[in-house]
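Worksheet: the structure to be examined is printed underneath.
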Amino acid sequence: MSGPRPVVAPRGTELSCANWQIEAPYRMLQNNLDPEVAERPDDLVVYGGTGRAARSWDAYDAMLRTMRTMKPDETMLVQSGKPVGVFRTHEWAPRVLLANSNLVGDWATWDEFRRLEHMGLTMYGQMTAGSWIYIGTQGILQGTYECFAEIARRKFNGTLAGTITLTAGLGGMGGAQPLAVTMNDGVALCIDVDAWRVNRRVETRYLDEVADSLEDAVARCEKARAEKRRLSVGVVGNAADMFPKLLQMGFAADIVTDQTSAHDPLSYLPNDISEDAAQEMLKKNPEEFIRRSRAAMAAHCQAMVGFMDAGAEVFDYGNSLRREAQLGGYDRAFDYPGFLPAYIRPLFCEGRGPFRWVALSGDPEDIAATDKAVLEEFPDDDGLHQWMRLAKERVAFQGLPARICWLGYGERHRLGLRFNEMVRKGQLKAPIVIGRDHLDSGSVASPYRETEAMIDGSDAIADWPLLNALVNTAAGATWVSIHHGGGVGIGRSIHAGMVAVADGTDLAAEKLSRVLLTDPGMGVIRHADAGYQRAIDVADERGVRLPMRES
Ligand code: NAD
């Protein structure tokens, strides 16, 4: 039996595996567990409650061992974090195929999942945890930045200057919120029950200050708002206590949201019990823990509805707080919208979404060179230029150096091919891994988030992410994954991951020129099929075939 140990991905150009197509997943699995990247590496937890990169340390070792011995035409199969087979396929095929947390419909409940997890039969793969393309909090930062920028454009004349955003949850994903708000020139008041998380966000420069009390935090935020100064303030406390208290105090938040781990009632801390007692109860009486956490989420959500009634811009940030609050007995939980239909869907119609890349060399200079290439490739995209400038200035790398931006259909393959050329010409020290998260246009079925309130009512149709995984497998991705439950919890989503590798070879160029069109292309056809005119126009303009519209 092997156990926890510090893990850091290899750097440089010396290969442990047969080629870069295998070396890439080999390094990225390890990178997911780098202590700079992962929230709880000893437990193999990367982020998002209990999102794991491997099921056990034995399974982790077996995956690395397998990749070190695989041939370039072989494919490893991973069943919820455990390697279960290696088959001869061909060089165009993915080197790794993963399936995470999938359960048959009638069994797709948290209770059943926990039972099976306890038996060692599955793990919670979240999104980029179980698909080995987590890059630390920067990954969510771009999506969060885009979302707040869109709110600024729609509601506050293009800037968050002079506004306060109230939110909770400073974990792996939620920790991006304060920086995304200040990048849009606003003020953020962020609550988290865990002092360690709050302080960690200050260390990684995502959060500016920590207040001693709620009153102190409010005073600092109101002063900054009056001076139109950007500022983020963290305060330690339970959101289920502090949101209602702020409402009662008459605190005038302009924007209110939340990113606690509300997708999982065993991860959200109840407010009527000490932390030690909560840990004890988690072990001895999880049903009672869930009852209490749902009651706390009901109070938290009720306060958010109160802020909405008082005139604030309130939205759900994709963590299922509304559903859990409803299960906790609160009946107005769905009065405010999810961020997806409210702000992001028009971008999804263009196949626009996350495009992230990682320098396998480990050298920040490689990312600097790719940053420059992005600006040259898209000289007229002002929003992209602003993001790239701020990201360069304000984002500290975690683990292997990485970058993310949002690109649409027709843009991603151009950049992928450019990176491949840079590797070929020796302008980069080692290959580049290209992937995305699952807050994505064509690889997710998630009725509480990505596919909430689709115009044709197709929110829960999960054929789309499965087709996404199939077509990306056919088109040349280096690893492909099919997941259940990530982001919003068991029973609530099906989604697929995709990662490709620009290793400078002709074969990689062929693969990238296909897979970086099929992947965002799924977003265009999914939204066109649902009847979104923008997606139909994009398909017409950019040459995406829609068979049902052809005669
Ligand atoms: P995480 O587990 O790393 O962090 C959750 C944080 O919530 C922790 O810091 C924890 O201390 C805090 N918390 C728990 N209960 C609390 C309470 N009662 N009061 C105050 N703080 C409390 O999770 P994460 O990766 O940051 O993800 C947060 C949520 O956002 C998850 O539900 C995740 O599924 C969702 N999510 C949303 C998006 C999106 O695009 N909007 C993307 C990924 C994840």
Side-chain angles (χ1 to χ4, degrees), residues 37-40 43 45-52 124-129 134 136-137 139-148 166-177 180 190-201 206-207 234-244 257-273 275 278 289 292-301 303 315-325 338-340 342-344 353-354 437-440 444 446 448-450 452 483 485-490 492-493 495:
V37 175
E39 296 287 320
R40 287 193 284 125
D43 299 330
V45 169
V46 184
Y47 76 98
T50 56
R52 288 192 161 79
Y124 200 55
Q126 260 290 1
M127 298 179 152
T128 51
Y134 189 63
T137 310
I140 194 71
L141 182 61
Q142 166 66 6
T144 314
Y145 169 83
E146 290 272 348
C147 183
F148 281 107
L166 166 65
T167 187
L170 289 172
M173 299 275 114
Q177 297 175 101
C190 307
I191 294 164
D192 197 294
V193 76
D194 182 344
W196 179 79
R197 305 280 187 135
V198 177
N199 291 322
R200 192 173 179 202
R201 295 301 158 225
Y206 276 69
L207 180 69
V235 61
V236 179
N238 195 304
D241 293 327
M242 288 195 161
F243 273 54
T257 189
D258 168 62
Q259 270 205 48
T260 55
S261 38
H263 67 282
D264 176 1
L266 288 176
S267 290
Y268 182 100
L269 204 72
N271 59 336
D272 58 352
I273 180 168
E275 183 145 9
F289 187 98
R292 286 177 192 238
S293 78
R294 284 192 173 139
M297 285 192 256
H300 179 172
C301 182
F315 64 97
D316 179 273
Y317 216 155
N319 62 358
S320 237
L321 180 76
R322 291 172 302 175
R323 177 66 182 137
E324 294 297 334
F339 73 112
L340 218 298
Y343 316 115
I344 305 290
D437 51 79
H438 304 194
L439 168 59
D440 180 52
V444 189
S446 185
Y448 294 131
R449 201 158 91 183
E450 282 78 358
E452 175 176 342
H483 305 230
V488 282
I490 291 296
R492 296 172 190 165
S493 67
H495 41 109

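Nothing here was measured: the structure is a model prediction, and the numbers come from that model. Counting convention: from 1, in listed order, for ligands and their atoms alike. Quick note: numbers below take in every heavy atom, side chains included, and nothing from hydrogens, waters or symmetry partners.
We find the OG1-CD1 distance between Thr128 and Ile140 to be 8.5 Å, quoted to the nearest 0.5 Å. Atom CG of residue Asn199 and atom CG of residue Asp194 lie 9.0 Å apart, to the nearest 0.5 angstrom. Between the CG atom of Leu170 and the CH2 atom of Trp196 there is a distance of 12.0 Å, given to the nearest 0.5 Å.
Salt-bridge formation is detected for the pair Glu39/Arg201: a Lys NZ or Arg NE/NH1/NH2 atom is positioned less than 4.0 Å from an Asp or Glu carboxylate oxygen. Salt-bridge annotation for Arg322 and Asp316: present, with a side-chain N of the basic residue lying under 4.0 Å from a carboxylate O of the acidic one.
Here the side chains of Ile344 and Cys147 are in contact, with some heavy-atom distance below 4.5 Å. The closest side-chain heavy-atom distance from Thr167 to Ile191 is not below 4.5 Å. Within the 4.5 Å cutoff, side-chain heavy atoms of Arg292 are placed close to those of Ile273. Contact of the Glu450 side chain with the Leu439 side chain is registered, since non-hydrogen atoms from C-beta on lie closer than 4.5 Å.
The closest side-chain donor-acceptor pair between Tyr268 and His300 falls under 3.5 angstrom.
On a distance-only criterion, Glu39 and ligand 1 share no N/O pair closer than 3.5 Å. Annotation: Leu439 places no N or O atom under 3.5 Å from an N or O atom of ligand 1; distance criterion only. Looking at Ala168 next to ligand 1, no N or O pair under 3.5 Å apart turns up. The shortest N or O to N or O distance between Gly487 and ligand 1 is below 3.5 Å. Considering backbone and side-chain atoms alike, Gly172 places an N or O below 3.5 Å from some N or O of ligand 1.
Of all protein heavy atoms, the one lying nearest to atom 17 (C) of ligand 1 is Asn238 OD1, 3.7 Å. Annotation: atom 22 (C) of ligand 1 to nearest protein heavy atom, Thr260 CG2, 3.6 Å. In terms of protein heavy-atom proximity, atom 24 (P) of ligand 1 is closest to Met173 N, 3.4 Å. At the top of the distance list for atom 4 (O) of ligand 1, counting protein heavy atoms only, stands Gly171 CA, 3.2 Å. Closest to atom 37 (C) of ligand 1 among all protein heavy atoms lies Arg449 NH1, 3.0 Å. Protein heavy atom nearest atom 23 (O) of ligand 1, with residue, atom name and distance: Gly48 CA, 3.5 Å. With respect to atom 21 (N) of ligand 1, the closest heavy atom belonging to the protein is Val193 N, 3.3 Å. Nearest non-hydrogen protein atom to atom 6 (C) of ligand 1 is Asp192 OD2, 3.6 Å.
Considering each of Cys147, Gly237, Ser267, Gly49, the one bringing a non-hydrogen atom nearest atom 1 (P) of ligand 1 is Gly49. Nearest to atom 15 (N) of ligand 1 by heavy atom, out of Leu269, Thr128, Ile140, is Leu269. Ranked by closest heavy atom to atom 35 (C) of ligand 1, the top entry among Gly318, Ala262, Ala240 is Gly318.
Close contacts between ligand 1 and Phe339 involve ligand atoms 40 (O), 41 (N) [criterion: under 4.0 Å to a heavy atom]. Per-residue contacts place Tyr317 under 4.0 angstrom from the following atoms of ligand 1 (heavy atoms of the residue considered): 37 (C), 39 (C), 41 (N). Numbered from 1 in the order shown, with element, the atoms of ligand 1 that lie under 4.0 Å from a heavy atom of Asp194 read 11 (O).
Remark: Arg492 pairs with Glu324 by the salt bridge (charged side-chain N to carboxylate O under 4.0 Å, His left out) rule, at least two apart or across chains. Take His438 and apply the ring pair (Phe, Tyr, Trp, His ring centres under 6.0 Å) test, not counting sequence neighbours, and it matches His483, His495.
Using a 4.0 Å cut-off between heavy atoms, Arg197 contacts ligand 1 through its side chain alone, with no backbone atom that close.
At least one heavy atom of Gln126 sits less than 4.0 Å from an atom of ligand 1.
Separation of the Tyr343 and Phe148 ring centroids does not fall under the 6.0 Å cut-off.
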